[in-house]
Amino acid sequence: MKIEKRWIVSFIVISVVATAGLFWQPSPDTPEVLSQFGKTDQINAADVAWMLTASCLVLLMTPGLSFFYGGMVGKKNVISTMLQSFICLGVVTLIWIVVGFSLAFGEPLGFYIDGQFYSVIGNPLSFPFFDHVGVLPNLKMASSIPFLLFALFQMKFAIITPAIITGSFAERVRFISYLLFICLFTLLIYAPLCHSVWHPNGILGTYFGVKDFAGGTVVHMSAGFAALAGALVLGKRKNSSHIPTNIPFVLLGTGMLWFGWFGFNAGSTLAANGTAALAFATTTTASAAAMLTWIFFERLNGRKVSALGACVGAVVGLVAITPAAGYVTIPQSIFFGFITAIVSNKVLNAKIMKKIDDTLDVFACHGIGGIMGMILTAIFAQGENASLLHGGWGVFSHHMMALVLVSVFTFVGSLILFKVTNVFIPLRVSEEAEQQGLDLSQHDESLDPHKAEPVGILNLIHEKP
């Protein structure tokens, strides 16, 4: 069998990274470098224990998302859809360690506005291969836990973001093209946006005052607009009507996402404290409210109550509360879930969205959910001059300006990346492969074991005498 050059290049890349890691010599911690870090006695054991747990919870969300998406697609594309989420655990992990964390949280690169320095990206040479990312705290970013733990926690956010995008072009994307896209997206969209919002010098977090407690902007808006761009670039499927294969998979995935989201939101305090407990509570109440609102609103519009609708509603509520989880009260979080479920449902069923083949309605759920969460946070966030209702007219206006900037940056940027990817490797599978289903055409696997060719050790099992 002839091996395509694109796979040879892929293997060379992983070989170079692995070999570089073998011979990489960590830089010594000079006094100048150590001045950025605390001492070991500043580490809070309770914070470390909670953040280790939270990191595990967030990691669980990506397999949860694979079940959530996998159950929604047609029978011929379940495995491929699940793998597109799952593979991010490998791809983004290595990118994050080699250079991604440096771009997101490295030495700030930017410019001055009125004498104040604001940054848009980190220096890629700050923490290559996790140099200087050790067991001591970083006083600027995580003062009570090892800097290494902070980096790993943030890595889980970077992993799930491109995985969310996959739902928009499920059942028609070429796997190797998708791998190239998520590499470009992580480096050129996610990392700069993450830096701009969450780095102490980031322009969106400091100059614009964006309040994004756990990733409504960084994760869900970026994924939602990238998903919209992907659906537009790849076009409609040949057969866009399908029956979800496995609703129990969707229910299982929703449960895993809901469970993992406690680490996503409550873990974003970076400490075991009262704010973490508040974020934990607002997370589950917003999701509960959105789930019930979704199914009741569906019934009011003449549609039957469905398990799929309940699951989608629950996830929409989780998305909506994410940017505000530690900034609003529990009663307010109920309203977050309620109003976002209605808006998201209306967008999902809008005529214009029916013309766009966003396979699993990623933009309507994550994009709109992130937008609503950002707007509601700017209105309701607690604290003096923290939001519109607390006298923060300037904060609100800056928030809305940032919303427009993030929307344009993530949509146009992703559109360009999809086009660039398509130049090197066609994004869309052939019509024949699409008809056959991606499970077989891309991976030689199938839910029906009699259709797939034996792979690896299975060759021995199926070998004819």
Side-chain angles (χ1 to χ4, degrees), residues 29 32-39 42-44 47 51 54 96 99-128 130-158 189-219 222 265 267-271 273 275-276 279 322-327 374 377-378 381 383 385-386 392 394-395 398-399 401-402 405-406 409:
D29 286 335
E32 292 76 19
V33 171
L34 287 174
S35 66
Q36 303 176 44
F37 298 85
K39 299 178 181 179
Q42 290 179 309
I43 291 179
N44 184 300
D47 292 348
M51 291 309 299
W96 192 253
V99 70
F101 182 67
S102 296
L103 293 173
F105 292 98
E107 182 182 353
L109 302 176
F111 45 84
Y112 286 89
I113 300 178
D114 297 329
Q116 178 67 40
F117 183 74
Y118 300 100
S119 57
V120 293
I121 192 69
N123 187 335
L125 301 179
S126 295
F127 307 115
F130 271 19
D131 250 10
H132 305 304
V133 181
V135 297
L136 297 179
N138 183 297
L139 298 180
K140 293 181 179 179
M141 300 180 211
S143 60
S144 65
I145 63 174
F147 195 34
L148 175 60
L149 180 52
F150 171 79
L152 292 174
F153 178 69
Q154 290 292 341
M155 182 178 74
K156 308 305 188 293
F157 286 71
I189 301 293
Y190 182 85
L193 185 58
C194 177
H195 182 92
S196 296
V197 174
W198 284 335
H199 190 276
N201 294 103
I203 188 168
L204 292 178
T206 51
Y207 182 78
F208 285 95
V210 170
K211 297 182 183 301
D212 188 357
F213 190 80
T217 306
V218 176
V219 175
S222 66
N265 286 357
S268 292
T269 58
L270 304 180
N273 56 24
T275 304
T322 292
Y327 300 140
M374 192 175 181
T377 301
N385 295 323
V395 171
H398 277 79
H399 226 75
M401 291 169 60
L405 287 174
V406 170
F409 171 68

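Atom OH of Tyr327 is separated from atom OG1 of Thr377 by 8.5 Å, given to the nearest 0.5 angstrom. Taking CG of Asn123 as the reference point, atom CZ of Phe105 lies at 15.0 Å (rounded to 0.5 Å). Residue Leu270 holds its CG atom at 11.5 Å from CE of Met141, rounded to the nearest 0.5 Å. Atom CD in Glu107 sits 13.0 Å away from atom CD1 in Ile121 (nearest 0.5 Å). Taking CG from Leu136 and CD1 from Ile145, the interatomic distance works out to 12.5 Å, rounded to the nearest 0.5 Å. Rounding to the nearest 0.5 Å places CZ of Phe101 at 11.0 Å from CE of Met155.
Without hydrogens or angle criteria, His398 side chain to Gly394 main chain gives a donor-acceptor distance under 3.5 Å. Formation of a donor-acceptor pair under 3.5 Å by the Ser196 side chain with backbone atoms of Leu204 is not found in this model. The backbone N or O of Leu152 lies less than 3.5 Å from no partner atom in the side chain of Trp96, so there is not a single donor-acceptor pair. Without hydrogens or angle criteria, Thr275 side chain to Gly326 main chain gives no donor-acceptor distance under 3.5 Å.
When the side-chain hydrogen bond (donor to acceptor under 3.5 Å, both in side chains) test is applied to Ser143, no partner is found at least two apart in sequence or on another chain.
Side-chain contact between Phe147 and Val135: absent, with no pair of heavy atoms (C-beta onward) separated by less than 4.5 Å. Between Asn201 and Thr206, the closest side-chain pair of non-hydrogen atoms is not below 4.5 Å. A heavy-atom distance below 4.5 Å is not found between the side chains of Phe127 and Leu103. Counting only heavy atoms from C-beta outward, the side chains of Pro192 and Val120 never approach each other to under 4.5 Å. Taking 4.5 Å as the limit, some side-chain heavy atom of Pro146 sits within range of a side-chain heavy atom of Ile43.
The only option from Asp47, Asn44, Asn273 that meets the side-chain hydrogen bond (donor to acceptor under 3.5 Å, both in side chains) definition with Ser144 turns out to be Asp47.
Between Gly100 and Ala191, the closest heavy-atom pair is O-CB, 4.3 Å. Of all heavy-atom pairs spanning Met374 and His399, the tightest one is O-CD2, 3.3 Å. Residues Pro128 and Ser102 approach most closely at N-OG, 3.5 Å, considering heavy atoms. Summarising the geometry of His195 relative to Ser119, their closest heavy-atom pair is NE2-OG, 2.7 Å, with the distance given to 0.1 Å. Taking every heavy atom of both residues into account, Leu149 and Met51 meet most closely at CD2-CB, 3.6 Å. Here the shortest heavy-atom pairing between Ala104 and Cys194 reads CB-SG, 4.0 Å.
Classification of the Phe157-Phe153 ring pair by plane angle, with boundaries at 30° and 60°, yields perpendicular.
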Side-chain donor-acceptor pairs of residues 207-215 under 3.5 Å, sequence neighbours excluded:
| unit_1 | atom_1 | unit_2 | atom_2 | d |
| --- | --- | --- | --- | --- |
| Asp212 | OD1 | Gly215 | N | 2.8 |
| Asp212 | OD1 | Gly216 | N | 2.7 |
| Asp212 | OD2 | Gly216 | N | 3.4 |
| Asp212 | OD2 | Thr217 | N | 2.8 |
| Asp212 | OD2 | Thr217 | OG1 | 3.4 |
| Asp212 | OD2 | Val218 | N | 3.1 |

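Phe111 has its ring centre no less than 6.0 Å from the ring centre of Tyr118.
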>> side chain to side chain contact (heavy atoms under 4.5 Å, CB included), that's the test. Do Thr322 and Val219 meet it? Break it down for me.
In response: CA-CA 10 Å; Thr322 292; Val219 175; over 6 Å; no
